[in-house]
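Just so we're on the same page: letters track the sequence lines, and every chain starts at 1.
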Amino acid sequence: MRAGIALPVSLALAMALLTLAWGDAGLAPADILAALRGDPVAGVVVGTLRGPRVAVAILVGACLAVAGTITQAVMRNPLAEPGLLGINGGAGLGVTILIVHLTGPTGHLMPLAGFAGATLAAAAIYGLAWRQGTSAIRLILVGIGIGALTGAAISFLTAFGDVRDVQRAVGWMAGSLYGADWTRFSWLLAWSMPALVATRLLARELDILGFDDDCIQSLGLRLHLMRGILILLCTILAGAAVAAAGPLAFIGLLAPHLARICGDTRHAYRLPLAATWGAILLLAADLGGRLLNLPAGVLTPLIGVPFIGILLWKQRDD
Amino acid sequence: MRRPASDIAPGGRSRSRNGMCGPALVIALAAVPLMAVWAMTVGASPIALDTILAALTGFDGSRAHIVVLDVRLPRVLAGLVVGAQLAVAGAIMQAVTGNPLASPGLLGINAGAAFAVVLAIALAGVDATATLIWFAFAGAAGAAICVYAVGSAGRGGATPLKLALAGAVLTAFLASLTTAILLRDQGTLDSVRLWSVGSLAGRPLSVVAAVAPYGLAGLAGALLAARPIMTLSLGSELSRSVGQNLAGWRLACAVLVVLLAGSAVALAGPVGFVGLVVPHMARLLVGPDYRWIIAFSAPLGALLVVGADAALRGLAGIDLPVGITMAAIGAPVFIALARRRAWDLR
């Protein structure tokens with residue numbers, strides 16, 4: 001168990017240091033230490049440019065990973081992920097509507113619109129999948145349908161909107177950590193921390209969701225209430241992540257699998273492990289994106305999908 | 001109405017139903033040219049019916065005739081072939097996989113073909129449709145293989161749910177690769193922006209003529225193979241017990257689907273949901289016999305695509321890419337389907 005935790009934590013630290021050090025102005029580890037001691041130039045680079053970016057990346061990665069772990073437990077499916085299930089689509093639609101239909105400065109409202117869109121999409125998915133209770137399969141399929149609908153609505157708005165507005169919306173929807181600052185980080189922290197803590201407290205319930213519905217109900221547990229609360233937590237986490245960095249797919253899908261490889265089956269351990277892997281993945285995607293001049297959101301699927309293919313292929317006999 | 005006793009006996013219901021299928025198919029086929037001519041009358045400037053007929057029979061070089069032959073006719077023809085091809089491709093996929101959610105859009109085949117086309121335009125500078133269509137075929141085939149391999153891994157084989165998720169994963173992956181290419185290449189972005197959401201507008205007649213033979217060959221093949229496809233739809237045990245070459249016919253069906261979906265994407269971009277919705281409409285009309293479902297899917301798909309495209313232009317006055325129209329119509333149907341059938345999709 002200890003060894004299982006040590007590897008991702010040290011990887012995450014190494015990635016964070018690399019992200020701090022690498023850039024147009026390279027910083028040696030000594031410079032980063034100097035920044036901590038108050039050197040002005042290094043202080044600006046680390047404190048106001050790269051520092052918040054690293055912090056936001058770690059927190060967003062953790063949120064997405066925990067949201068993905070919840071989704072996979074609730075839906076009982078290793079390929080489920082909030083991004084694939086229409087939540088990102090709802091967030092994208094919220095932001096597109098805001099950008100295309102409101103005039104004036106709307107930059108500070110974009111996270112709020114993204115969050116509102118994600119919440120509405122999740123509520124629609126849960127409501128439409130309700131038919132004498134919820135079922136994991138219905139949730140997934142309705143999610144795919146909602147994702148297609150929001151995608152069509154976004155295409156409609158971008159086809160008829162003003163080109164400059166559309167470009168801003170498209171830039172946001174690519175998903176990136178450009179312009180991360182400490183204000184955004186503190187907002188994100190305030191939103192996500194309660195949900196992260198609550199999810200950790202519900203780790204036992206997540207374990208129990210692995211049994212089938214009849215079994216859970218025969219234990220006298222309130223299945224639909226449990227599912228509803230967990231989906232709410234998942235929405236808060238995914239929505240906060242989308243609001244901070246735009247839609248980033250596949251981190252929520254991949255991190256739980258990586259956590260499963262190197263550790264305990266109990267969610268009490270799996271959740272922090274997955275959160276660490278999520279942070280590593282997003283740091284890596286951001287670093288790669290800076291190298292190639294692409295937003296991180298373009299790179300996460302490129303990292304994620306081959307991994308998923310290999311994982312599924314290896315697990316095919318289970 | 002009193003029915004003879006033999007019609008109520010087991011099997012009788014479907015026999016009397018099939019008796020209605022022939023005339024219904026004739027009606028559906030007859031509706032296609034009517035819909036096509038009506039679709040040519042609506043647009044930015046309404047053109048009278050007799051002008052259209054005059055333009056089709058004797059071209060006189062007037063402005064209205066040019067609009068009909070260069071703008072309206074290619075668009076309607078593209079809609080007809082794309083609708084019929086995607087619907088039949090969906091019907092074949094649903095029959096062979098025994099999966100009510102199978103369709104070229106949901107399982108990522110359209111996305112694979114579209115990605116290959118973008119790749120060819122951006123990296124190789126290909127712009128001739130006759131060449132692009134081979135990239136579309138290759139992309140569709142690659143996507144089909146990937147989704148089937150990933151979706152059938154693990155317990156229970158290729159369940160509808162796993163296939164749908166594998167398709168969604170692949171679609172997301174290819175969409176992001178496409179974004180990466182287009183962000184670095186503004187010229188390609190401009191030329192494929194409309195095409196990449198699925199659109200029938202602006203296809204010259206020469207492009208339609210270059211693509212249509214492949215699609216029509218696919219349609220003909222599907223109709224010829226309708227009987228073995230029906231046998232496949234009854235399940236692998238039954239089809240083996242009647243001596244069917246299971247692997248051979250599955251491969252033939254895959255080739256047909258790639259041919260149909262690949263050429264539809266090369267023409268109109270990734271139009272979703274036609275292949276999902278139309279076979280279900282056909283099944284509601286004619287019951288579970290896939291010979292009739294395939295035969296009905298072709299005219300119904302053509303009617304749906306051309307009708308929806310023209311109705312939006314004519315009644316609401318907005319010219320929307322057909323991919324968006326189809327998603328707006330198809331996604332609610334898909335959700336309703338998921339709500340109704342979810343318990344037997346595992």
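Remark: B:A111 pairs with B:T171, B:L174 by the side-chain contact (heavy atoms from CB on, under 4.5 Å) rule, at least two apart or across chains. Under the rule for a side-chain contact (heavy atoms from CB on, under 4.5 Å), B:A138 has no partner lying at least two apart in sequence or in another chain. Under the side-chain contact (heavy atoms from CB on, under 4.5 Å) criterion, A:L120 pairs with no residue at all, not counting sequence neighbours.
The most heavy-atom pairs under 4.5 Å with chain B, out of A:V298, A:L292, A:T300, come from A:V298.
Residue contact with chain A, scored on non-hydrogen atoms closer than 4.5 Å, is absent for B:L170. In this structure, chain A has a heavy atom under 4.5 Å from the side chain of B:F334, while its backbone stays farther away. Contact annotation for A:L294: only side-chain heavy atoms (C-beta onward) come within less than 4.5 Å of a heavy atom of chain B.
For B:A327 against A:A152, the heavy-atom pair with the smallest separation is CB-CB, 3.5 Å. Here the shortest heavy-atom pairing between A:P301 and B:F173 reads O-CD1, 3.4 Å.
Note that CG of A:L149 is 5.5 Å distant from CD1 of B:I335, once rounded to the nearest 0.5 Å.
In this structure the side chain of A:F156 never reaches within 4.5 angstrom of the side chain of B:P321, judged on heavy atoms.
Contact annotation for residues 305-313 of chain B against chain A (heavy-atom separation below 4.5 Å): no residues qualify.
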